[in-house]
Q: 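So that we are looking at the same thing, I have put the structure below in structure tokens.
Note that the structure is predicted; figures quoted are calculated from it, not measured. Chain naming here is simple, since letters A, B, ... match the order of the sequence lines and numbering starts at 1 in each.
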Amino acid sequence: MSNNRSTIPIGPYHPLQEEPEFWKLIVEGEKVVDVDVRIGYNHRGIEKISESKSFDQSLFLVERICGICSSSHPIACAQAIEDITGTEVPERALYIRTISQELERLHSHMLWVGLAGHFLGYNTVFMWGWKYREPICDIMETVTGNRQNYAMHKVGGVRRDIEKEHIPYILTRLDEFLKHLDMLKGAVLDDPVLHARLKGVGVLTKEAALDYSALGPTARASDVNIDVRRDHPYGVYDRLKWNVITQKEGDVFAKAVVRILEMYESASIIRQCLDKMPDGPIDSKPKDISQGEGIGVIEAPRGECFHYIKCDGTNSPVRHKIRAPTYMNFPTFRETVIGETVSDATIIMAAIDPCYCCTERMTVVDHKDKELLKAQDLIRLSQEKTRKIKEELGAR
Amino acid sequence: MGLKEAVLTRSINVFHVSSGSCNNCDIEILDALTPRFDLERFGVTLVGSIKHADVMLCTGSANRQTVPIIKNLYEQMPKPGFVIVYGACGCSRGLFKDSYNTLAPLDEIIPVDAYIPGCPPKPEATIAALVKLIGKIKTKKAEKI
């Protein structure tokens, strides 16, 4: 390592999903030249615990893989088990699953917009984002009884029904959410400072996105037209009208656009579901499980989430393999961050929608100058850059 | 109640340590600070360094890699300082008590002053816990810390 290179450790651990990482940025001056990774800090042994739990219990376990995806993982796991048993899920349960999936996408994307705003020095956007996702949390609380970790899904159906009295309330709160989303969309996407700050930053080309097998909004922002909801329909997505949002640029701005526009699609899906939802049972109450293996694939807010379960006919799985979307999206950080400046590293990292905790624990150690920068300093660097652009553009 | 403790009851600087949680508790902590619940109006702020902290707010079931980090952080915290454990995983290891990678509940690793149970606890519970902690400081129970 030459003398003018220094190392920036990011991490060491952050509670994203089951794969927290330690990133080491190697920088020359302000420019990032290489990046290294070490994983395993947040390891809880979920796949192993699952082998000692019954299939009903394992849904509660996978729910706690990630706090944000606490609807995606149980659905994928239930689908894998239903794949083994060949259980038919009642129509109404499929609609309820779809609704809870989309509600989760809404609050996850809104949360991301808020955090991205914070890293860029737009603390108003941060506060807005978190304030305006509260209607979604309220809907979740009304429908499932909890703001997070819904415990909504079970093998063969769902645990709780959406009551008729709740539907007008859900629609009202959804309208409230959309009103604020319109405002936020205008504030974020029409802001010349953000255009200058984010366009052309952290570009992931289409070829690279394919090479790294990027998933979800990260891939869709790079013009890779994939979406599990359309390609391998589950729930009732094949019966609804909605669009897959793609962008061509692959930069941070495109990723923000994809996420914001996806929220409108999600809201439209929820409306259609509430409109079309048939009456009937919500649980097919499967009793037996046969020998075999099954997979469950769903589109989580961050991309494809994959569960594989192998069963020998007993009450617990022999093998339970889980692949969360960030596992595939994280390596693209290496592709996008090299050649960029340290002040952009924060937002490039945030653009693939990892957890905020990783960036909160950033520390810069410059061996040469004995200078020590912390997470706050990195966020400050990022915020200063935005301010500079603002001044150049003559904005307030 | 000494002067140091009296100052602590005014505006609490919180350092948030996540020792391998699922993110839910961390979201709810931030939720409690943002406009809906707005703990910041009471002077509660998140700080970026343990050396500025009055309260260490721990989430998650500590595992082999994070136990040394948590001990280290507790030693670096200026005293008197308080430790709050947030969420079921931190209080009792919750669902992960059978895991090969989680060693002990957090209160066996560092001294803990308050527990907030729940998976995840609601922001209202966070506010209640801070009120109780301030009460605890005021009733001199905190002298031994």
Side-chain angles (χ1 to χ4, degrees), chain A residues 12-18 20 22 40-46 48-49 52-53 57 60-61 63-70 73 107-108 111 114-115 118 126-135 137-138 141 146-149 151 355-357 360-363 374-380, chain B residues 15-38 40 46-52 58-70 72-73 87-90 93-103 118-125:
Chain A
Y13 63 94
H14 60 84
L16 175 58
Q17 289 166 6
E18 84 269 48
F22 169 80
Y41 281 94
N42 202 359
H43 185 71
R44 285 166 288 164
I46 285 179
K48 190 69 187 168
I49 300 176
S52 65
K53 301 273 183 209
Q57 291 170 329
F60 294 104
L61 181 69
E63 194 164 10
R64 280 150 185 85
I65 289 173
C66 170
I68 305 173
C69 304
S70 48
H73 282 288
H107 99 76
S108 170
L111 190 147
L115 288 174
H118 173 60
F126 173 57
M127 291 295 173
W128 277 352
W130 284 71
K131 184 178 170 188
Y132 298 148
R133 71 182 262 281
E134 288 295 333
C137 288
D138 286 345
E141 196 170 359
N146 205 358
R147 289 160 52 88
Q148 323 267 347
N149 280 355
C355 173
Y356 55 92
C357 294
E360 267 184 0
R361 272 184 241 320
M362 272 187 177
T363 310
K374 293 210 173 52
Q376 252 54 15
D377 301 314
L378 275 183
I379 294 173
R380 197 198 51 197
Chain B
F15 182 71
H16 165 213
V17 190
S18 165
S19 61
S21 67
C22 72
N23 226 355
N24 243 337
C25 294
D26 316 310
I27 292 172
E28 292 294 66
I29 289 170
L30 275 193
D31 237 12
L33 293 168
T34 43
R36 176 74 169 280
F37 299 98
D38 205 7
E40 285 190 355
L46 279 186
V47 291
S49 165
I50 186 72
K51 290 174 183 169
H52 304 157
C58 302
T59 61
S61 51
N63 59 36
R64 281 166 205 275
Q65 296 228 50
T66 54
V67 163
I69 301 173
I70 290 170
N72 202 351
L73 283 172
C89 293
R93 286 180 288 166
L95 204 55
F96 302 106
K97 79 175 171 26
D98 298 328
S99 169
Y100 51 82
N101 206 30
T102 53
L103 302 174
C119 186
K122 288 190 174 179
E124 290 94 332

Q: How long is the straight-line distance from CG of A:L61 back to CZ of B:F96, given to the nearest 0.5 Å?
A: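 Here the interatomic distance stands at 5.5 Å.
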Q: Specify which of A:Q148, A:R133, A:E63, A:K131 makes the most heavy-atom pairs with chain B at under 4.5 Å.
A: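 Option with the greatest count: A:Q148.
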Q: Answer with side chain, backbone, both or neither: which region of A:I49 has an atom nearer than 4.5 Å to a non-hydrogen atom of chain B?
A: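 A:I49 touches chain B through side-chain heavy atoms alone.
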Q: At their closest point, which heavy atom of B:C119 faces which heavy atom of A:N146, and how far apart are they?
A: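 In this case the closest contact between B:C119 and A:N146 is O-ND2, 3.6 Å.
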Q: Could you grab the distance from atom CG of B:N101 to atom NZ of A:K48, nearest 0.5 Å is fine?
A: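 NZ of A:K48 is found 13.5 Å from CG of B:N101.
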Q: When rounded to the nearest 0.5 angstrom, what distance separates CE in A:M127 from CG in B:D38?
A: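 So the gap between those two atoms works out to 7.5 Å.
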Q: Heavy-atom cut-off 4.5 Å, strictly under: side chain, backbone, both or neither for A:R64 against chain B?
A: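 Both parts, heavy atoms under 4.5 Å.
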Q: Measure the NZ-SG distance between B:K122 and A:C137 for me, rounded to the nearest 0.5 Å.
A: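 B:K122 NZ to A:C137 SG: 10.5 Å, rounded to 0.5 Å.
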Q: Do you know which two heavy atoms are closest between A:W130 and B:I27, and how far apart they sit?
A: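 Minimum heavy-atom separation between A:W130 and B:I27: CZ3-O, 3.4 Å.
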Q: Side chain, backbone, both or neither: which part of A:E141 has an atom under 4.5 Å from a heavy atom of chain B?
A: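 The answer is the side chain of A:E141.
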Q: Side-chain contact, heavy-atom cut-off 4.5 Å: B:L30 with A:H118?
A: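 When only atoms from C-beta onward are counted, A:H118 and B:L30 do not touch, as no gap falls below 4.5 Å.
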Q: Given heavy-atom pairs under 4.5 angstrom as the criterion, report whether the side chain, backbone, both or neither of B:Y100 touches chain A.
A: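 Contact with chain A: side chain only.
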Q: Identify which of A:E134, A:Q57, A:K53 forms the greatest number of heavy-atom pairs closer than 4.5 Å to chain B.
A: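 Looking at each of A:E134, A:Q57, A:K53 in turn, A:E134 comes out on top.
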